[in-house]
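Here is the structure we will look at.
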Amino acid sequence: MPNELLPKTRALQEQLDQIIWDTLSSDEAEALYETLVPVVQAHDERYYRHDDPLIPDPEYDRLFQALQRIEADFPELQRDDSPTQRVGFDPLDAFEKHTHPEPLLSLSNAFDAGEVREWYERCQRGLAEAHGSTTPAVVAELKIDGLAVALTYTDGQLTLAATRGNGVQGENITRNVRTIRRIPLALENDTNEIPESMEVRGEVFMRKSEFEALNERLRREEKQPFANPRNAAAGSLRQLDPRVTARRPLSFFTYAQGPTEGPMPDTHTAVLEQLGTYGLPLNPHWERFEEIEDAIAFCEDWVDRREDLDYEIDGVVLKVDRHDYQDELGAIANAPRWAVAFKFPAREATTTLRDIEVNVGRTGVVKPEAVLEPVGIGGVTVSQATLHNEDYIAERDIRIGDTVVVKRAGDVIPQVVRPVVEARTDSQTPWSFPTRCPVCSSELVRLPDEADYYCLNTECPAQFKRLVEHFVSRNAMDIEGLGERVAAQLVDTGRVEQLDDLYRLTVNDLTTLEGFAEKSAQNLTEAIAASKERPLSRLLFALGIRHVGRTVAEQVVAEVPSMQALSEASIGELEAIDGIGPVIAESIHDWFAVEDNRALVDALRDVGVNTERLPEESPDEGRQVLDGETFVLTGSLPSFTRREATERIEQAGGRVTSSVSGNTDYLVAGENPGSKYDDAEERGIPILNEEMLLDLLDGAAR
Ligand code: IVH
């Protein structure tokens with residue numbers, strides 16, 4: 001009932017508003033019940049099958065409670081397919097044990113591309129006797145970080161759910177699983193016949209956003225929050241009282257089919273597709289690869305991409321696609337030979353929080369930063385981490401001297417996640433936010449509705465130092481040899497009081513600074529002089545205007561030919577630029593409205609810094625050099641992940657496709673290229689290595 005669902009729901013809600021339960025006749029109850037059941041079912045359907053709830057949870061709860069009320073008052077009306085049957089009632093003393101008809105295996109791990117290749121070669125050797133030299137296709141899936149469960153559907157109905165337990169024996173958690181709205185109680189069978197009996201395996205997990213909300217609620221109720229989404233999912237699923245489970249936002253993805261009575265597809269790909277058609281939730285990010293190198297590229301790609309997901313994954317699972325190959329390969333101990341888990345590098349470690357310092361940023365924002373006992377995380381030593389803001393520290397009750405969990409995720413700055421409360425002695429001390437700027441001593445201000453404190457003194461040297469660091473950074477004016485330390489020296493000694501002072505520095509000025517010799521001073525003045533020729537978009541980005549990142553700067557410059565023109569543009573004109581919304585338009589406009597800022601731009605122009613758009617920055621030239629060009633990538637590139645390479649090509653107007661065809665313009669080949677290399681060679685398609693690709697991209701950027 002897609003279109004009538006909302007009006008029907010509203011009508012029901014009105015009816016419920018007026019109901020006097022005590023005087024409800026059995027006929028009225030029946031009529032109401034028969035309207036309610038399909039409506040609640042339809043909401044369930046949207047919620048758990050399409051992830052697209054139509055009404056807020058409290059409204060849903062109210063409908064649900066009405067159902068429960070009718071069923072309690074008129075038990076004879078109760079239907080077997082009532083949505084209330086998702087919830088059991090009395091808590092159990094303990095879970096019943098369940099012996100799996102076939103054990104739930106675990107996976108052997110591979111910690112890098114080399115180990116994946118070794119696994120694949122073992123598979124190839126295992127198949128060699130029967131099949132000669134084969135390159136079996138593999139399916140790559142995300143490894144969801146939750147709890148494995150086995151669901152049994154008999155004649156399409158969910159009849160049993162069990163935890164993995166030790167793999168051989170788990171616990172019967174059917175009543176709890178029935179409360180998970182994402183798990184269908186009955187399978188759909190639009191196109192496929194449903195096997196008489198079928199076990200489905202998958203992972204129960206909690207979304208990061210739901211986890212945060214749950215912890216928030218637990219904190220409000222003064223209960224102990226969970227340490228991470230996985231623990232929250234485990235704690236919620238193994239509740240003896242299913243009503244507690246029912247209140248926990250659990251999700252599910254299926255990834256395998258267990259023992260089945262009835263026909264079984266002959267590849268894993270077909271299994272996944274079929275499970276999807278039954279209405280079981282399937283993670284969308286899976287792919288079948290003919291070549292192991294492409295599967296490895298998929299694994300490496302997800303090391304960074306996992307941050308974009310709303311659920312935790314701890315790796316990628318690779319599975320040989322063909323079932324007959326799987327059977328031939330078999331299992332060793334408790335892990336199949338035909339599958340492997342590519343595990344992501346660790347991102348968390350525990351260490352001691354030595355101190356909390358505050359840092360003043362370019363905009364005057366004051367951020368607390370953790371000073372840590374140095375600790376290695378995923379190959380990098382971490383000794384500093386962000387603590388975000390005052391509330392973050394207070395909510396987690398992070399104290400100086402605490403043992404803390406530190407997380408380093410992709411390119412993101414390391415952060416302190418939480419204290420390990422169990423490790424507390426009595427030597428930890430609570431911390432409070434300083435009232436004065438650590439650099440200029442002016443009073444710090446926390447504005448209403450803002451989480452951050454600000455130093456409002458525009459003359460504060462700390463802010464200016466950050467601006468200099470930003471101005472000279474790689475993506476801005478790209479002045480080599482001018483890092484944090486030199487910026488601090490230049491500002492502290494008064495050599496640089498305004499950005500344009502940089503361009504008046506002489507070799508003599510620099511040699512008087514500590515750590516500078518004639519040669520290094522010479523190099524730096526040359527690097528500074530060279531930066532005068534940077535494209536206009538870089539200068540615009542370098543000025544540090546709020547909300548003006550690199551891309552925005554490029555978009556602005558594509559339409560506005562000079563600093564002069566930009567300083568005269570109205571908010572409306574700015575907003576008319578592609579990609580520029582009212583917030584950015586206002587921010588740029590406000591910046592140029594300040595007299596000192598306009599004077600700064602003039603001063604930069606006077607010392608010779610380019611303030612005009614360069615020919616290659618204009619929209620019809622340069623940037624889109626790769627426009628219409630189609631690329632295929634194969635093998636691993638020395639310094640790019642596949643995703644990074646794809647992004648760069650796309651930014652320059654090119655397109656990346658997965659297989660070589662008549663439309664392919666270039667093949668980019670890294671180490672261990674796959675058969676695409678031969679394809680390209682055969683077709684006479686130019687083959688580039690990373691360096692050649694970079695040259696091409698450089699041409700595009702300049
Ligand atoms: S396949 C024989 N696929 O990882 C193959 N497992 O260490 C067994 N897991 O306990 C599992 N996502 O809970 C498979 N896409 C996925 C998975 C996955 C998560 C978990 C599973 C299992 C553990 C194996």
Side-chain angles (χ1 to χ4, degrees), residues 98 100-111 115-116 119 122-123 126 136 138-151 161-171 173 177 180 182-183 199-207 228-231 233-234 237-238 250-260 264 267-276 280-289 295 298-299 302 305-306 309-323 325-344:
H98 168 75
H100 299 293
E102 272 176 30
L104 267 64
L105 300 179
S106 66
L107 290 166
S108 39
N109 294 325
F111 291 97
E115 293 187 11
V116 173
W119 162 78
R122 280 197 300 277
C123 290
V138 297
V139 171
E141 291 165 21
L142 302 187
K143 188 168 184 300
I144 314 296
D145 195 8
L147 288 98
V149 295
L151 311 175
T163 60
R164 175 172 182 275
N166 60 12
V168 175
Q169 197 176 53
E171 286 172 325
I173 49 159
V177 165
I180 302 177
R182 286 293 287 154
I183 296 185
E199 189 189 284
V200 169
R201 296 175 177 181
E203 203 83 354
V204 169
F205 64 97
M206 194 177 287
R207 291 185 178 275
N228 56 49
R230 192 181 179 284
N231 286 5
L237 196 58
R238 297 195 65 264
L250 292 172
S251 299
F252 176 77
F253 282 131
T254 180
Y255 53 67
Q257 189 167 341
T260 298
M264 178 89 174
T267 62
H268 184 61
T269 305
V271 164
L272 292 180
E273 281 165 355
Q274 187 152 312
L275 292 176
L280 287 157
L282 195 64
N283 185 282
H285 306 292
W286 66 275
E287 218 170 314
R288 179 178 184 276
F289 293 103
F298 179 95
C299 294
W302 278 100
R305 277 183 76 187
R306 67 167 152 166
L309 296 171
D310 190 27
Y311 45 87
E312 303 262 10
I313 58 174
D314 58 347
V316 171
V317 185
L318 301 180
K319 304 173 183 177
V320 169
D321 193 27
R322 277 174 59 163
H323 283 172
Y325 285 180
Q326 291 188 0
D327 293 342
E328 283 170 45
L329 289 167
I332 15 153
N334 66 343
R337 285 199 187 83
W338 48 264
V340 73
F342 172 87
K343 293 297 276 279
F344 294 147

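Read the numbers this way: they start at 1 and go in the same order the structure lists the ligands and their atoms. Quick caveat: nothing in here was measured; it's all calculated off a predicted structure.
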What residue and heavy atom of the protein are closest to [atom], and at what distance?
{"atom": "atom 8 (C) of ligand 1", "result": "Leu105 O, 3.8 Å"}
{"atom": "atom 23 (C) of ligand 1", "result": "Lys143 NZ, 3.9 Å"}
{"atom": "atom 7 (O) of ligand 1", "result": "Leu107 N, 3.5 Å"}
{"atom": "atom 11 (C) of ligand 1", "result": "Tyr255 CE1, 3.9 Å"}

With a cut-off of under 6.0 Å to the ring centre and 45° to the axis, is Arg306 in cation-pi contact with Trp302? no

Of Lys143, Glu203, Lys319, which is the lone residue that meets side-chain hydrogen bond (donor to acceptor under 3.5 Å, both in side chains) with Tyr255? Glu203

May I ask you to decide if Met206's main-chain N or O and Ser251's side chain share a donor-acceptor pair within less than 3.5 Å? no

Heavy-atom contacts under 4.0 Å between Lys319 and ligand 1: side chain, backbone, both, or neither? side chain

Which segment of Leu147 sits under 4.0 Å of ligand 1 when only heavy atoms are counted: neither

Check for me whether Ala256 has a heavy atom closer than 4.0 Å to any atom of ligand 1. no

Run the contact test for Ile313 against ligand 1 with a 4.0 Å cut-off on heavy atoms, strictly below, and give the result. no

Going by the atom numbers of ligand 1, which of them fall below 4.0 Å from some non-hydrogen atom of [X]?
{"X": "Ala148", "value": "10 (O), 13 (O)"}
{"X": "Pro336", "value": "2 (C)"}
{"X": "Ile144", "value": "12 (N), 19 (C)"}
{"X": "Glu141", "value": "3 (N), 15 (N), 16 (C)"}
{"X": "Arg164", "value": "10 (O)"}

Criterion side chain to side chain contact (heavy atoms under 4.5 Å, CB included) on Leu142 and Leu309, from CA distance to verdict: CA-CA 11 Å; Leu142 302 187; Leu309 296 171; 3.8 Å; yes

Pair Val320, Trp119 - check side chain to side chain contact (heavy atoms under 4.5 Å, CB included), show working. CA-CA 11 Å; Val320 169; Trp119 162 78; 4.2 Å; yes

Indicate yes or no: does an N/O atom of Ala339 lie under 3.5 Å from an N/O atom of ligand 1? no

Below 3.5 angstrom, do we get any N/O pair linking Ser106 and ligand 1? no

For atom 20 (C) of ligand 1, the option (of His285, Glu203, Lys343, Arg201) bearing the nearest heavy atom: Glu203

Answer yes if the side chains of Glu141 and His268 hold a donor-acceptor pair under 3.5 Å, and no otherwise. yes

Smallest heavy-atom separation, Leu250 atom then Ile180 atom, equals O-CG2, 3.6 Å

Return the minimal non-hydrogen interatomic distance between Asp145 and Arg230, and the atom names on each side. OD1-CD, 3.1 Å

Run the side chain to side chain contact (heavy atoms under 4.5 Å, CB included) check on His100 and Glu102 step by step: do they pass? CA-CA 5 Å; His100 299 293; Glu102 272 176 30; 5.9 Å; no

Going through the checks in order, is the side chain to side chain contact (heavy atoms under 4.5 Å, CB included) test met by Gln257 and Leu275? CA-CA 8 Å; Gln257 189 167 341; Leu275 292 176; 4.3 Å; yes

